[in-house]
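For this chain, numbers begin at 1 and follow the sequence in order.
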Amino acid sequence: MPELRINTERLWGALMELARIGATPKGGVKRLTLTEEDRQARDLFARWAKEAGLSVSVDAIGNVFARREGADPSAAPVAMGSHLDSQPSGGKFDGAYGVMAGLEVLRTLNDAGVRTRAPLEVVSWTNEEGSRYTPVMMGSGVFANVFTLEHARAQKDLEGVSVADSLQRIGYAGSAAPHRLGAYLEAHIEQGPVLEAEGKTIGVVQGALGQRWYDVTVTGQDAHAGPTPMELRQDALLAASRLVQDVNRIAREFPDYARGTVGFMQVKPNSRNVIPGEVRTTVDLRNAKASTLDAMCEALKRAAQAIEAECRVRIELRENTYFQPCEFDAGMVASVRKAAGALGYAHRDIVSGAGHDAVYVARVAPTAMIFVPCEGGISHNEIESATPADLAAGCNVLLRAALDTAGVADQSRAAA
């Protein structure tokens with residue numbers, strides 16, 4: 001294993017140059033998928049890849065693959081990557097770090113003259129964020145056969161423009177045939193506060209929480225706030241507020257990294273002196289184990305039934321999203337942990353509370369993720385921030401894990 005280190009300044013410089021595309025006043029980025037800003041980011045990545053001697057191909061959903069050949073042309077490539085699209089008011093590290101870290105790994109290997117046994121690739125997946133088109137994680141989902149190419153290309157934005165039309169418009173309606181991956185590694189900011197709070201540099205990601213999302217409608221009866229006695233009311237907002245408390249209770253009572261969130265609420269008629277007759281809200285339940293997540297959902301249904309009886313309302317729970325819990329490959333996770341330890345970085349095992357492209361890729365290839373801290377755990381926000389040192393540490397772990405997985409073919413040229 002060659003003792004290589006990435007170029008911290010070059011990695012940071014690439015991230016800062018990329019962040020100029022779609023830059024926002026507060027220091028973030030707005031690069032909605034398949035827009036002009038997304039095209040510019042893709043073009044910059046492709047240009048840098050070609051300058052590094054990599055071959056670039058684009059598949060039919062617009063995923064961009066930059067490939068560095070290995071000594072064994074028959075070996076399946078070891079890929080690294082993430083995404084370049086952002087939220088409407090996103091940060092400059094979410095997704096972009098994983099792509100630029102992968103590119104920096106290959107630039108470092110070029111500098112050192114190291115040849116790997118298996119090919120190495122850097123992937124920029126299409127539409128991870130889902131901020132313009134659904135479903136989220138579209139490019140990796142098509143690659144992993146989670147949904148069909150035809151379904152994804154037919155999706156339309158709010159203006160009625162399809163994914164297929166947008167890909168054509170920005171010049172990324174590719175045709176490269178899908179190919180197998182030997183393994184996949186994704187470096188990412190944590191998007192949470194755990195690593196920073198514990199003073200850890202590297203999160204060794206075990207997998208990702210399963211998610212079950214519900215749209216909820218609470219139906220009561222609009223009534224005048226003055227003449228209607230408290231005991232005769234059918235207050236939909238009162239019932240919804242109790243459901244919010246039960247979601248929080250359920251998440252605190254269950255094990256296995258349970259999470260419970262109500263993030264949206266719409267009250268009707270939303271008038272100062274009218275008892276609310278309808279509330280539309282959402283419930284987001286997450287857990288690392290499918291059986292525990294199922295139990296949380298059953299607890300939610302029981303809570304809703306009790307509230308219906310108590311508040312004299314009707315509560316409709318409609319599940320609209322289910323992401324199964326994801327457990328990453330044990331060998332790949334061990335490689336990341338070994339790399340962090342060998343490099344002397346403080347690290348801990350962690351699970352991802354958010355979805356990432358790695359969750360879908362894990363269905364078709366051994367996969368692992370590397371987390372680094374972000375300031376305050378803040379992400380999906382223009383003020384998202386990470387330090388050059390932490391980003392470099394994660395990239396060094398990525399480099400070492402990629403070499404461990406792909407193998408070094410020409411030891412005589414490897415740095416000592």
Side-chain angles (χ1 to χ4, degrees), residues 94 128-130 134-137 140-141 144 146-147 186 188-198 200 203-216 240 242-265 281-307 315-330 332-333 336-337 347-363 366-371 374 377-380:
D94 178 5
E128 193 271 354
E129 295 289 4
T134 57
V136 299
M137 306 185 307
S140 56
V146 176
F147 32 79
E186 183 167 345
H188 209 282
I189 58 170
E190 181 194 350
Q191 298 185 288
V194 175
L195 294 177
E196 183 182 59
E198 296 188 4
K200 306 293 186 183
V204 182
V205 187
Q206 309 297 293
L209 299 182
Q211 305 177 37
R212 295 181 71 167
W213 295 357
Y214 290 88
D215 289 328
V216 183
R242 292 186 179 174
L243 188 67
V244 172
Q245 292 179 317
D246 278 323
V247 168
N248 184 71
R249 173 185 57 78
I250 289 166
R252 289 180 177 274
E253 288 179 355
F254 277 84
D256 305 317
Y257 301 98
R259 305 282 191 268
T261 304
V262 174
F264 168 87
M265 188 170 287
T281 187
T282 59
V283 175
D284 176 331
L285 297 177
R286 306 189 185 206
N287 201 276
K289 292 185 178 180
S291 59
T292 312
L293 184 56
D294 290 344
M296 292 173 68
C297 293
E298 290 303 313
L300 174 68
K301 293 173 184 177
R302 290 194 300 272
Q305 290 171 354
I307 295 168
I315 300 177
E316 181 183 4
L317 298 171
R318 299 181 304 281
E319 185 174 4
N320 66 16
T321 298
Y322 177 34
F323 292 116
Q324 295 180 353
C326 171
E327 185 175 349
F328 291 145
D329 180 80
M332 295 291 292
V333 171
V336 170
R337 188 183 296 109
H347 60 281
R348 60 156 287 169
D349 289 355
I350 197 169
V351 296
S352 175
H356 297 284
D357 291 308
V359 172
Y360 280 160
V361 181
R363 300 189 183 193
T367 295
M369 290 190 73
I370 301 158
F371 277 175
C374 55
I378 296 172
S379 184
H380 284 192

Side-chain contact, heavy-atom cut-off 4.5 Å: Leu243 with Val262?
-> no

Are side-chain heavy atoms of Glu186 and Val361 found at a separation under 4.5 Å?
-> no

Within 6.0 Å of CD in Glu327, more than 12 heavy atoms from elsewhere = no

State, yes or no, whether a side-chain contact exists between Phe254 and Lys289 at a heavy-atom distance under 4.5 Å.
-> no

Who passes ring-ring contact (aromatic ring centres under 6.0 Å, His included) against His188, sequence neighbours left out?
-> His356

Straight-line distance of Ile307 CD1 to Asp246 CG, nearest 0.5 Å | 4.5 Å

Does some side-chain heavy atom of Val336 sit less than 4.5 Å from a side-chain heavy atom of His347?
-> no

Grab the two heavy atoms, one from Arg249 and one from Ala303, that are nearest each other, plus how far apart they are.
-> NH2-CB, 4.1 Å

Does any non-hydrogen side-chain atom of Asp256 lie less than 4.5 Å from one of Leu209?
-> no

Heavy atoms only: give me the nearest Cys374-Ile378 pair and the separation to one decimal.
-> SG-O, 3.9 Å

Give a yes or no answer on whether the side chain of Gln206 reaches the backbone of Val204 with a donor-acceptor pair at less than 3.5 Å.
-> yes

Considering all heavy atoms of both residues, which atom of Met296 and which atom of Ala251 are nearest to each other, and what is their separation?
-> CE-CA, 4.3 Å

So, for Ala304 and Ile315, which heavy atoms are closest and what is the spacing to 0.1 Å?
-> O-CD1, 3.6 Å

Look at atom CZ of Arg318 and say whether more than 12 heavy atoms of other residues, nucleotides or ligands are closer to it than 6.0 Å.
-> yes

Set of residues satisfying side chain to side chain donor-acceptor pair (under 3.5 Å) with respect to Asp284, sequence neighbours excluded | Trp213, Arg286

Write down the atom of Tyr360, the atom of Val136, and the distance for their closest heavy-atom approach.
-> CE1-O, 4.2 Å

In Å and rounded to the nearest 0.5 Å, what is the NZ to CG distance from Lys301 to Leu317?
-> 7.5 Å

Could you please spell out the steps behind the side chain to side chain contact (heavy atoms under 4.5 Å, CB included) verdict for Met137 and Phe323?
-> CA-CA 11 Å; Met137 306 185 307; Phe323 292 116; 4.1 Å; yes

Does some side-chain heavy atom of Asp94 sit less than 4.5 Å from a side-chain heavy atom of Gln191?
-> yes

The reported gap from CZ in Phe371 to CD1 in Ile350 (rounded to nearest 0.5 angstrom) is 6.5 Å

Please test Val216 against Thr282 for side chain to side chain contact (heavy atoms under 4.5 Å, CB included), starting from the C-alpha separation and ending with a verdict.
-> CA-CA 5 Å; Val216 183; Thr282 59; over 6 Å; no

Listed by chain and number, what are the side chain to side chain donor-acceptor pair (under 3.5 Å) partners of Glu319, not counting sequence neighbours?
-> Arg212

Roughly how far, to the nearest 0.5 Å, is the CG atom of Leu300 from the CD atom of Gln305?
-> 10.0 Å

State the CG-OH distance between Asp294 and Tyr322, to the nearest 0.5 angstrom.
-> 5.5 Å

Do Glu196 and Glu190 come close enough that some side-chain heavy atom pair is under 4.5 Å?
-> no

Closest approach of Ala288 and Pro325, non-hydrogen atoms and distance?
-> O-CB, 3.2 Å

Begin from the C-alpha positions of Val247 and Tyr214 and carry the test side chain to side chain contact (heavy atoms under 4.5 Å, CB included) through to its verdict.
-> CA-CA 12 Å; Val247 168; Tyr214 290 88; over 6 Å; no

